[in-house]
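Note that the coordinates shown come from a computational prediction; the quantities given were computed from them, not determined experimentally.
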Amino acid sequence: MLLNNNVTEFILLGLTQDPVKKKIVFVIFLLFYLGILLGNLLIIVTIKCSRTLGSPMYFFLFYLSLSDTCFCTSIAPRMIVDTLLKNNTISFNSCMIQVFSFHLFGSLEVFILILMSVDRYVAICKPLHYTTIMNWRVCTVLVTVACVVSCVHSSTQIFLALGLPFCGPNVIDHYFCDLQPLLNVACTDTYVINLILVANSGAICTVSFVVLMISYVIILHSLRNYIAEARKKALSTCISHITVVVLFFGPCIFIYTRPATTFSMDKMISVFYTIGTPLLNPLIYTLRNSEVKNAMRVLWSKKLLSENQR
């Protein structure tokens, strides 16, 4: 593709330009990022090493934690380092890579959440056929399809971004590169591109959210036929999933389903789904899940026992 631009780098204004506030942002988001890495890697290692977490739900949770880690890593390290620098510049190529990786792992998280709702639907509404429907081959194929569709989505985003002409203004009022902030500095009418953005990212967010909420309404309705103990366990799992869905999709829908206008709150709202959700996911899926907590205790006990025997 022939690139029609005179810009070789962009200036990211970040969350704040105040030197004191930048130091506060550095400390807070460094702790957040370390928490994200620790929490998600702990889930990944636990699921990979534990024999008790072999169901499809934990297979999908493994990939959710993996996508969360990669999703946040595509943004957080640069944002944290930028708070220490006076001039926060990012090269054109690095900006395009960030757009691609952000949407790749972000959309993968969306599709993994849908797969997790499908898994819960089959487990609760069709329990007798669960092992037949959600076998390992089906789960592997579903995750593979999710990865392919995510690649298609992110490729569309990067195709749109590379097609934008940049002829002068290069200051982006954001803390990472995304298509919407780039539209504000493009030297062309971006109305059609913004419609494509809404039809692409906006539709994925909105349709996925509606599908997820409908599936969980059906699941919750089906729980009426369960005995109290089984209903409580299933309800706890569903509430965890619904919490993640609302926290992730609420801000995404606000950002990606509107015209290319910038609000002062956009950056703070973006923090919710770029940093907040990956940070809360491990807490939600461990604190509300006795099986994961028990598996962690067993692995920790084995580690301590092996160290004492040395």
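Ring pair Phe248/Tyr273 is perpendicular by interplanar angle, where above 60° counts as perpendicular and below 30° as parallel. Using cut-offs of 30° and 60° on the angle between ring planes, the pair Phe102 and Phe176 is tilted.
Of the possible donor and acceptor atoms, one in the side chain of Thr140 sits under 3.5 Å from a partner among the backbone N and O of Trp136. For Asp18 (side chain) and Val20 (main-chain N/O), a donor-acceptor pair under 3.5 Å exists by modelled atom type. Under the 3.5 Å distance criterion, the side-chain polar atoms of Tyr175 are matched with a main-chain donor or acceptor of Val271. Within the 3.5 Å criterion, the main-chain N or O of Phe62 finds no donor-acceptor partner in the side chain of Ser65. With Gln98 contributing its side chain and Ser74 its backbone, the two residues share a donor-acceptor pair below 3.5 Å. A donor-acceptor pair is defined here as one N or O able to donate and one able to accept, closer than 3.5 Å; such a pair exists between the side chain of Asn135 and the backbone of Thr132. In terms of modelled atom types and a separation under 3.5 Å, the side chain of Thr190 and the main chain of Ile193 share no donor-acceptor contact. Checking side-chain atoms of Ser91 against main-chain N and O of Thr8 turns up no donor-acceptor pair under 3.5 Å. Remark: side-chain polar atoms of Ser154 are paired, donor with acceptor, to backbone N or O of Cys151 under 3.5 angstrom. With hydrogens and angles disregarded, a donor-acceptor distance shorter than 3.5 Å links the side chain of Ser67 to the backbone of Leu64.
Of all the heavy atoms in Ile275 and Cys72, the pair that sits closest is CD1-SG, 3.8 Å. The two residues Pro282 and Ile43 have their closest heavy-atom pair at CA-CD1, 3.5 Å. Across every non-hydrogen atom of Phe111 and Ser150, the tightest pair is CD1-OG, 3.4 Å. Counting all heavy atoms, side chain and backbone alike, Leu212 lies closest to Ser117 at CD2-OG, 3.3 Å.
Note that CG of Leu164 is 6.0 Å distant from CG of Leu179, once rounded to the nearest 0.5 Å. In this structure, the separation between CD1 on Ile97 and CZ on Phe92 is 11.0 Å, given to the nearest 0.5 Å. Note: Phe71 CZ to Leu108 CG = 11.0 Å, rounded to the nearest 0.5 Å. To the nearest 0.5 Å, atom CD1 of residue Ile28 and atom CD1 of residue Ile80 are 11.5 Å apart. We find the OG1-CZ distance between Thr257 and Phe209 to be 11.5 Å, quoted to the nearest 0.5 Å. In this structure, the separation between CZ on Phe26 and CG on Asp82 is 11.5 Å, given to the nearest 0.5 Å.
Between Glu109 and the choices Leu66, Asp68, Leu104, Ile114, the side chain to side chain contact (heavy atoms under 4.5 Å, CB included) rule is met once, by Asp68.
Between Val7 and Cys167 the shortest side-chain heavy-atom distance does not fall below 4.5 Å. You'll find the side chain of Leu12 stays beyond 4.5 Å of the side chain of Asp173, heavy atoms only. Contact check for Leu13 versus Ile172: no side-chain heavy atoms found under the 4.5 Å cut-off. Counting only heavy atoms from C-beta outward, the side chains of Leu61 and Ile112 never approach each other to under 4.5 Å. Side-chain contact check for Tyr256 versus Asn200: every heavy-atom pair is 4.5 Å or farther apart. In this structure, the side chains of His153 and Ile204 come closer than 4.5 Å at one or more pairs of heavy atoms. Side-chain contact between Leu160 and Ile196 is present, with at least one heavy-atom pair separated by less than 4.5 Å. Taking the side chain as every heavy atom from C-beta outward, Val207 and Val210 never approach each other to under 4.5 Å.
Taking the ring centroids of Tyr63 and Phe60, they lie at or beyond the 6.0 Å cut-off.
Under the disulfide bond (SG atoms under 2.5 Å apart) criterion, Cys125 pairs with no residue, sequence neighbours left out.
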Between Gln180 and Asn184, does the side chain to side chain contact (heavy atoms under 4.5 Å, CB included) criterion hold? Intermediate values first, please. CA-CA 7 Å; Gln180 273 208 327; Asn184 295 326; 5.9 Å; no

Under the criterion side chain to side chain contact (heavy atoms under 4.5 Å, CB included), I'd like the reasoning laid out for Val143 against Leu115: C-alpha separation, chi angles, the key distance, then a yes or no. CA-CA 8 Å; Val143 170; Leu115 294 182; 4.3 Å; yes

Would Leu37 and Thr69 count as a side chain to side chain contact (heavy atoms under 4.5 Å, CB included) here? Give the steps. CA-CA 6 Å; Leu37 291 181; Thr69 304; 3.8 Å; yes

Evaluate the side chain to side chain contact (heavy atoms under 4.5 Å, CB included) criterion for residues Gln157 and Leu197: first the C-alpha distance (whole Å), next the side-chain angles of each, then the deciding distance (0.1 Å), finally the verdict. CA-CA 8 Å; Gln157 299 297 109; Leu197 175 63; 3.5 Å; yes

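Side-chain contact check for Asn170 and Glu9: no donor-acceptor pair (N or O, by modelled atom type) lies under 3.5 Å. Using modelled atom types, one finds a donor on one side chain and an acceptor on the other under 3.5 Å when comparing Asp119 with Tyr130. With no hydrogens or angles considered, no side-chain donor-acceptor pair links Asp266 and His174 at under 3.5 Å.
Neither Leu280 nor Phe272 shares a network with the other; the hydrophobic side chains, linked directly or stepwise wherever heavy atoms of I, L, V, M, F, W or Y lie under 4.5 Å apart, form separate groups for each. By the criterion of side-chain heavy atoms lying less than 4.5 angstrom apart, applied directly or through intervening Ile, Leu, Val, Met, Phe, Trp or Tyr residues, Ile75 is not grouped with Ile11; the two fall into different hydrophobic clusters. In the hydrophobic clustering of this structure, Met79 groups with Leu31; members are Ile, Leu, Val, Met, Phe, Trp, Tyr whose side-chain heavy atoms approach within less than 4.5 Å, directly or through other members. Phe105 is not connected to Val148 by any chain of hydrophobic side-chain contacts under 4.5 Å among Ile, Leu, Val, Met, Phe, Trp and Tyr, and they are in different clusters. Cluster annotation: Ile44 is not connected to Leu38 through the hydrophobic network of ILVMFWY side chains, with a link wherever side-chain heavy atoms come within less than 4.5 Å.
Evaluation of the side-chain hydrogen bond (donor to acceptor under 3.5 Å, both in side chains) test over residues 36-50, restricted to residues two or more places apart or in two chains, returns Ser50-Thr52. Screening residues 22-38 for side-chain hydrogen bond (donor to acceptor under 3.5 Å, both in side chains) gives Tyr33-Thr73 as the qualifying pairs, with residues at least two apart or on separate chains.
Under a cut-off of 6.0 angstrom, the local environment of OH in Tyr216 is crowded, with over 12 non-hydrogen atoms contributed by other residues, nucleotides or ligands.
In this structure, cysteines Cys205 and Cys252 have SG atoms that are not closer than 2.5 angstrom.
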